[in-house]
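Read through the structure below, which is laid out as C-alpha cells, and then see the notes.
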Amino acid sequence: MWDQESATRLGTSVRRFRTERGLSQESLAFQAGITKNQLQLIEFGKGSGATDRPGPSNPKMSTLSGIARILNITVAELLADAGL
C-alpha cells in the first residue's frame, strides 16, 4: 500500500543518493527532466506544496526512471533502498 510513510522513505532515499553524488536539487531535476519543485516534493514525500491538499507524493514511473538514471542506479535499487 502506498502511504505517507512509503513516500517519505522514497524521498529520503532519493535525497541520500543525490547528496552522495554531490548533486544539487536543481541539477538532478534538470538532468532528470523534472522541475526542482517536483524533486523537492518527492524528497519530502509530499504530493503538493499546498497546505489544503495534504497527501503523499506519488511520482510516475517515468519520473523515477529519470531520477534513477541520473543517480546511476536502477529504479529497483532505489525502491529497495527505501524498503519498498
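Being a predicted model, the structure only gives us computed values, none of them experimental.
The minimum heavy-atom distance between Ile73 and Arg21, with the atom names listed, is CG2-NH2, 3.6 Å. Nearest approach of Ala7 to Pro56, heavy atoms of both residues: CB-CB, 3.6 Å. Minimum heavy-atom separation, Ala29 to Leu39: N-CD2, 4.0 Å.
In this structure the side chain of Phe30 never reaches within 4.5 angstrom of the side chain of Glu26, judged on heavy atoms. At a threshold of 4.5 Å between non-hydrogen side-chain atoms, the residues Pro59 and Leu10 count as touching. Looking at heavy atoms from C-beta onward, Arg15 lies in side-chain contact with Thr12 at the 4.5 angstrom threshold. Two residues are said to be in side-chain contact when any heavy atoms from C-beta on lie closer than 4.5 Å; Val75 and Ile67 fail this criterion.
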- Carefully, step by step, assess Gln40 and Lys46 under the rule side-chain contact (heavy atoms from CB on, under 4.5 Å). CA-CA 8 Å; Gln40 288 172 330; Lys46 296 185 176 204; over 6 Å; no
- Task: Give the C-alpha distance, both sets of side-chain angles, the deciding distance and a yes or no for salt bridge (Lys or Arg N to Asp or Glu O under 4.0 Å) between Arg9 and Asp81.
- Result: CA-CA 9 Å; Arg9 289 197 325 252; Asp81 185 77; over 6 Å; no
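Considering NZ of Lys60 and CD1 of Ile34, their distance stands at 11.5 Å, rounded to 0.5 Å. To the nearest 0.5 Å, atoms CG (Leu84) and CG (Leu78) are separated by 8.5 Å. With rounding to the nearest 0.5 angstrom, the OG atom of Ser13 is 11.5 Å from the CD atom of Glu77.
Looking at Gln31, its side chain never comes within 3.5 Å of a backbone N or O of Leu28 through a donor-acceptor pair. Using modelled atom types, no side-chain atom of Ser27 and backbone atom of Ser24 make a donor-acceptor pair closer than 3.5 Å. When atom types are taken as modelled, the side chain of Gln38 and the backbone of Thr35 share a donor-acceptor pair closer than 3.5 angstrom. Judged by distance alone, with hydrogens and angles left aside, the side-chain atoms of Gln4 form a donor-acceptor pair with the main-chain N or O of Gly45 at under 3.5 Å.
When the shell of 6.0 Å around CG of Asp3 is examined, it contains more than 12 heavy atoms from other residues, nucleotides or ligands.
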